[in-house]
S.K.: 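Take this structure, written in structure tokens, and hold onto it; I'll ask about it next.
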Number of protein chains: 2
Amino acid sequence: MTDDLRPAGTPTLEDVAKAAGVSRATVSRVINGVRNVDPVIQEAVRRAVALTGYAPNRAARSLVTRRTDAIALVVSGAGVEPEPEAEETAPPADADGAEAGGGASFTGQVFADPFFGRVVTGVVNYLRPRGMHPVLMFAETSRAREDVVSFLRQGSADGALVVSTHAEDPLPGMLTDAGLPAVLYARPARAARISYVDVAHQDGARLAAEHLLARGCRRIATITGPLDVPAVQERLAGFRDTMARNGHPYIAIAEGRFTQESGEAAMERLLTEHPDLDGVFAANDLMATGACHVLRERGKRVPEDVAVIGFDDSSAASACRPPLTTVRQPVEAMAAEMARLLIERLSKPEGAATSVIFEPSLVVRESA
Amino acid sequence: MTDDLRPAGTPTLEDVAKAAGVSRATVSRVINGVRNVDPVIQEAVRRAVALTGYAPNRAARSLVTRRTDAIALVVSGAGVEPEPEAEETAPPADADGAEAGGGASFTGQVFADPFFGRVVTGVVNYLRPRGMHPVLMFAETSRAREDVVSFLRQGSADGALVVSTHAEDPLPGMLTDAGLPAVLYARPARAARISYVDVAHQDGARLAAEHLLARGCRRIATITGPLDVPAVQERLAGFRDTMARNGHPYIAIAEGRFTQESGEAAMERLLTEHPDLDGVFAANDLMATGACHVLRERGKRVPEDVAVIGFDDSSAASACRPPLTTVRQPVEAMAAEMARLLIERLSKPEGAATSVIFEPSLVVRESA
DNA sequence: CTGAAAGCGCTAACAC
DNA sequence: GTGTTAGCGCTTTCAG
């Protein structure tokens, strides 16, 4: 109403420059904190920014800097998919979920594991102070994987952080083939020239084995994850190895799929074959929780009759009754490290791929 | 090695145009599926695209279209924050989590509720087929809220989908004040000219009440969520109302905070004051799960001695022992509708704010 | 230390 | 039906 010299749309650098009586270049320098700008002018510019309510346009900036300050956080699925995945835990899970039916069960299932929440937390906490943001993507079908690749090729994000739920995930390979910066959570099944963070699975399994042994368990079994996953093999190897060294050459095993339900089924199989077992190590907390349920239903007390140890230390561990003794994976720190590695790679694209391995720790609660 | 006429960097429209022997404009038309392009030329262009490995640059496109095809998916927190939130459920939750200490507990806690996973699923499933993507943000401090606003003002995303965890969240107001497109999950505490989706809380509570009554419960209590949240008040009102109509003018209540732990504490209080109760309605599944744990520890059988009903039908409901009878909120569909409303608003910015209310349903399992 | 000017890669009028 | 052209808003040499 007063002096409508200020343009209609959202203010641009030009407007601020005009208001401050300087050039666009100078305003740009002030905004980007470039040195060599007269303090007096800096102040004038700041005032003009406040006055105009200026906010730099990301697209314009991105166009010249070739950076978006966004990274893709992708949860990646199986290598082969028989169309929309059939398996799912909760029957009503797909009752709604928009018209895009395919994938609903995958995404629903994935986030049922509190593990992913920790990954998100770690990533966001690292990114945020750096003015960067994660774009959430799911890559459970080959179509979805293509989408991730083209998303990155379009320069929509500077790189990708990928968490695979299955072995033989082709996404990491696709990414490196396309020369796109990426960092993985966990070592890929097929070796690739790509950075990753991981936990020392064998050490974690050893911790679990020793704890079970120390508390006097003698008839011990383990519920593994899908056996084609490298991490699962390592946990199994570490567990068996420690057991063997301590006079237990044979360990009963049952394979699960990291879901609570599969943990229940595995526990039932184990109990049928070995009704007298007194110790169980499950490859994640969800399956350990399922095991506890079944044990209780079969009249076994945990830990008095059967001790149970999980893996991850996700929220499922403390939510379980009894609270689970578990092998803690420092997920948040690992996720943050993934982000750090990726950003480092962005600044020097020619750096070699590296891996960072974290040490797990045993969190003793009540189940063992 | 053969004919290096093709430029070094990533190919641009110009390169494709050259390769196809047409103008940039034509290539652009083909790529954007604009009609009025000779089929023969279309084919030539497609070949050139494949040949060059062209991928359109989003920033450049965004600069002119004024759209990013990204939307902010924000999980928003309290209205007032005494610095980094102090409360947290699991002690080890902040043991790591990068150097950015503040907020770690918030984000960790938030994703412990499987409810959010369902929201993410619904949003992604709606957005994905439309070539759009969600950028995940947390807004638990005033600083973080400012960040969300400036993120949008910079044109980094076309609009926001916000899920508030507390009443009196100032974010929705900030967004509308700034004229930024946004849609909420759940009705805001203070009325605002902003679209939202919600579930008919009273109806849901009525369903729970009637079920409890029908199975013969007579000494009934409820565990509510934070009483300053409108949804919580509505569930309580609906529950009390139905009870009152059926000859139960008084209902014992205990307030929780939507966490499993708070549900346990609430159940303990209830049991102390009313050792003989035979039915409990909890305002979410996590608290219902906590209630079940406490009841079992106190030697009460569920549902024989005490029937328990939850709310949400999150994965926690089926994971609980016994599996929870619960009031299902069609979260995925609601989240998808949020996205739909936002996108609709983007295409016609002047449309009035609307709300869409979904009907809940009762899912009968074993706990009641 | 500051300004002028040249694009970044793309879309959208507007001609032809 | 297709090409020409003018920017979108910003960063960044390069002069001065």
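Just so it is clear, the model here is predicted, and its values are computed rather than measured. To find a chain, count down the sequence lines: A is the first, B the second, and so on, and within it residues start at 1.
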S.K.: Taking atom C1' of C/dC8 as reference, at what distance in whole Å does atom CG of A/Leu13 sit?
M.R.: 15 Å
S.K.: A/Glu146 and A/Met174: side-chain contact (heavy atoms from CB on, under 4.5 Å), yes or no, with the steps?
M.R.: CA-CA 9 Å; A/Glu146 304 284 352; A/Met174 293 167 69; 4.2 Å; yes
S.K.: Closer than 4.0 angstrom, basic N to acidic O: yes or no for A/Arg58 and A/Asp69?
M.R.: yes
S.K.: For the helix from C/dC1-D/dG16 to C/dC16-D/dG1, what is the angle between the axes at its two ends, each from 5 pairs, rounded to 10°?
M.R.: 30°
S.K.: Report yes or no: does B/Ser156 contribute a side-chain atom to a donor-acceptor pair with the main-chain N or O of B/Leu152 at less than 3.5 Å?
M.R.: no
S.K.: Is the terminal nitrogen or CZ of A/Arg118 (NZ for Lys, CZ for Arg) located under 6.0 angstrom from the six-membered ring centre of A/Phe116 and within 45° of that ring's axis?
M.R.: no
S.K.: From CG of B/Leu63 over to C1' of C/dG7, roughly how many Å is that when rounded to an integer?
M.R.: 12 Å
S.K.: Report each atom pair, protein N/O against N/O of nucleotides 12-16 of chain C, whose distance is under 3.5 angstrom.
M.R.:
none

S.K.: Are side-chain heavy atoms of A/Tyr54 and A/Ile31 found at a separation under 4.5 Å?
M.R.: yes
S.K.: Determine yes or no for a side-chain-to-main-chain donor-acceptor pair under 3.5 angstrom, with A/Thr165 supplying the side chain and A/Ser76 the backbone.
M.R.: yes
S.K.: Reading DNA chain D 5' to 3', which nucleotide is the first, and which the last, to come under 4.0 Å of any heavy atom in chain A?
M.R.: D/dG9 to D/dT13
S.K.: Which residue, B/Asp38 or B/Ala60, contacts DNA chain D at a nucleotide closer to its 5' end, judged by nearest heavy atom?
M.R.: B/Asp38
S.K.: Can A/Arg153 be said to sit on top of A/Phe151's aromatic six-ring, NZ or CZ under 6.0 Å from centre and within 45° of the ring axis?
M.R.: no
S.K.: Which whole-number value in Å describes the distance from B/Asn57 CG to C/dG7 P?
M.R.: 18 Å
S.K.: For the pair A/Glu344 and A/Arg340, find out whether any cationic side-chain nitrogen is under 4.0 Å from an anionic carboxylate oxygen.
M.R.: yes
S.K.: Cut-off 3.5 Å, side chains only: do B/Ser28 and B/Asn32 have a donor facing an acceptor?
M.R.: yes
S.K.: Rounding to a whole Å, what distance do you find between A/Arg66:CZ and C/dC10:C1'?
M.R.: 12 Å
S.K.: So does A/Ser62 get a backbone contact from the side chain of A/Arg66, meaning a donor-acceptor N/O pair under 3.5 Å?
M.R.: no
S.K.: Heavy atoms only: give me the nearest B/Val163-B/Met338 pair and the separation to one decimal.
M.R.: CG2-CE, 4.5 Å
S.K.: Taking only side-chain nitrogens and oxygens of A/Asn36, does any of them come within less than 4.0 Å of OP1 or OP2 of C/dC1?
M.R.: yes
